[in-house]
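First comes the structure, then the notes that go with it.
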Amino acid sequence: MDIAVVGLGYVGTVTGACLADLGHFVVAVDVNPIKVGQVNEGISPVTEDQLDEMVRRCVETGTLSATDDLADAVRRSEVVLVCVGTPSGRTGDVHLDDVRRVMTEIGGTLRDLDGWRLVLITSTVPPGTLVDDIIPELERSSGKRWPEEFGVAFSPEFLREGTAVEDYRQPPKIIVGASDDRSFEVAAAVRASVAGEVVRTSISAAEMVKFTDNAWHALKVAFANEIGRIADVHGVDSLEVMSLFKSDTDLNISTTYLTPGFAFGGSCLPKDLRTLTYRARRRGASVPVLESVLSSNAAHMDLAVNKIKEAGGRTVALLGLAFKNGTDDLRESPALELAEHLIGKGFDLRIHDEHVNLDRLIGANREYVLRVLPHVAELLSPDYGAVLAEADVVVVTQKNPLYADVVASVRPDQTVIDFSGIARPAGGAPNYTGLTW
Ligand SMILES: NC(=O)c1ccc[n+]([C@@H]2O[C@H](COP(=O)([O-])OP(=O)(O)OC[C@H]3O[C@@H](n4cnc5c(N)ncnc54)[C@H](O)[C@@H]3O)[C@@H](O)[C@H]2O)c1
């Protein structure tokens with residue numbers, strides 16, 4: 001393919017050279033004449049393992065060249081791949097000026113060109129940027145309609161500096177966000193030249209996943225360092241602790257606990273977090289990430305209460321009272337806390353929990369529930385159908401399979417708010433909403 005790669009930074013130089021090395025005809029574009037000159041002399045403008053050699057080889061064989069003339073590069077290409085920088089501005093928000101400027105120029109060139117071309121964005125941009133900003137700007141400056149007269153797709157780049165060429169060739173995943181088939185197919189053809197399956201998704205999910213990855217990676221480093229600081233003030237070997245931690249690939253290094261849903265709770269997580277952060281504080285270890293976990297959980301509870309208030313009904317059916325399905329442990333259950341909030345706000349509450357039988361509760365568990373919700377016996381019913389029938393709003397807090405078909409079991413005038421995800425109907429339903437979806 002004839003491909004224009006706009007931006008000769010770390011991503012653009014690696015992408016351009018790798019695509020040229022695979023046999024595509026690449027013209028790289030940059031506003032910096034020094035970078036353009038270097039590439040045309042067979043020198044990489046950035047330092048990466050294997051890159052100098054690759055740039056030299058591709059320039060010699062004629063598959064890679066560089067220019068500062070974006071319009072000319074667009075005219076000669078089927079695909080315009082954009083990887084200009086998106087740095088942080090003063091407020092912390094991303095600076096999209098370079099991306100916008102490039103779009104205006106690409107659009108101005110498309111105006112006078114026959115034939116459909118794909119604009120493939122790989123610069124990291126926040127969700128909504130393509131649909132709200134980039135596509136309207138391309139349509140305005142070109143006078144053409146998307147996706148009939150030009151295509152747009154977003155494909156995040158996951159390479160890491162230092163191992164960028166290897167990462168480009170063996171990416172951890174290949175994601176293409178596109179809303180029309182033609183844009184997807186052409187973008188996939190560009191991306192499919194490296195190893196791995198091309199996964200199609202929406203433009204906004206593709207935009208967001210890159211931020212999600214980077215936030216997760218940063219969080220992992222901060223978490224490991226905080227555990228290191230806590231271990232240090234306790235005289236414990238942090239490398240040994242983290243080695244044991246990482247050896248658990250069921251609960252720790254796994255997909256477990258990584259699905260948005262309801263707040264966490266139960267008899268262990270909040271208690272042990274409080275102990276850990278209290279002890280760290282007392283011994284002088286600063287652990288701001290761990291300190292903020294419980295307030296993040298509380299923010300989720302606030303959101304849950306607000307969603308129920310916004311639904312507008314007075315009678316609420318709460319499906320699930322224990323902190324998760326399959327247990328009758330009510331200690332620090334977020335559903336119990338939610339029930340307490342709702343009663344405080346004057347809601348009329350009915351509760352169903354398949355596994356909670358007050359007569360069988362004993363010890364600390366019984367004391368806890370009676371302290372938090374003294375009238376729980378009057379609210380709790382084993383009759384699922386009756387609990388549903390009386391409610392204006394049905395709130396699902398647990399992944400109990402019994403609740404999977406709740407949308408089909410309620411009347412259209414009843415609202416289902418699902419904090420667990422178990423009741424999400426394929427294709428959605430007008431009276432169904434999740435906590436964050
Ligand atoms: N660096 C990484 O490891 C990495 C990894 C994945 C994704 N990303 C993302 O990829 C994008 C590019 O990152 P980078 O590190 O390669 O950026 P960079 O700052 O190294 O390079 C950007 C290049 O774009 C050029 N440029 C700016 N305006 C231009 C214009 N109007 N026309 C042509 N060229 C123009 C600049 O001169 C510069 O050479 C960013 O959005 C970044 O967040 C970076």
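Computed from a predicted structure; not experimentally measured. One-based numbering, in listed order, for ligands and for the atoms of each. The figures here come from the full heavy-atom set of this structure, side chains too, leaving out hydrogens, waters and symmetry mates.
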Protein contact of [atom] - nearest heavy atom, named by residue and atom, plus distance:
atom	value
atom 32 (N) of ligand 1	Val31 CG1, 3.6 Å
atom 5 (C) of ligand 1	Leu159 O, 3.4 Å
atom 13 (O) of ligand 1	Val11 CG2, 3.9 Å
atom 21 (O) of ligand 1	Gly9 CA, 3.1 Å
atom 6 (C) of ligand 1	Glu157 O, 3.2 Å
atom 1 (N) of ligand 1	Glu161 OE2, 2.7 Å

Which of the numbered atoms in ligand 1 are below 4.0 angstrom from a heavy atom of [X]?
X	result
Lys35	38 (C), 39 (O)
Gly7	23 (C), 24 (O), 25 (C), 34 (N)
Cys83	12 (C)
Ser123	11 (C), 41 (O)

So, [X] and [Y], do they make that salt bridge, N to O below 4.0 Å?
X	Y	result
Arg160	Glu48	no
Arg57	Asp21	yes
Glu310	Lys307	no

Can you find an N or O of [X] that's nearer than 3.5 Å to an N or O of ligand 1?
X	result
Tyr10	yes
Asp30	yes
Thr124	yes
Lys210	no
Arg101	no

Relative to [atom], which among [options] owns the nearest non-hydrogen atom?
atom	options	answer
atom 31 (N) of ligand 1	Ile34, Val102, Val6, Val99	Val102
atom 17 (O) of ligand 1	Gly85, Pro45, Gly12	Gly85
atom 11 (C) of ligand 1	Thr122, Thr86, Val84, Asp98	Val84

Determine, using heavy atoms of Glu105 and all atoms of ligand 1, whether some pair is separated by less than 4.0 Å.
no
For the residue pair His352 and Tyr403, categorise the inter-ring angle as parallel (less than 30°), tilted (30 to 60°) or perpendicular (more than 60°).
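Taking Tyr403 first and then His352, their aromatic rings stand perpendicular (interplane angle over 60°).
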Does any donor atom in the side chain of [X] or [Y] lie under 3.5 Å from an acceptor atom in the other side chain?
X	Y	value
Ser409	Asp405	no
Glu354	Asn325	no
Thr104	Glu137	yes
Ser420	Asp418	yes
Arg191	Ser155	yes
Thr275	Asp272	no

Locate the shortest heavy-atom distance separating Pro270 from Glu332; write the atom from each residue and the value.
CB-OE1, 3.2 Å
If we ignore hydrogens and angles and just use 3.5 Å, is the side chain of Thr61 paired with the main-chain N or O of Cys58 as donor and acceptor?
yes
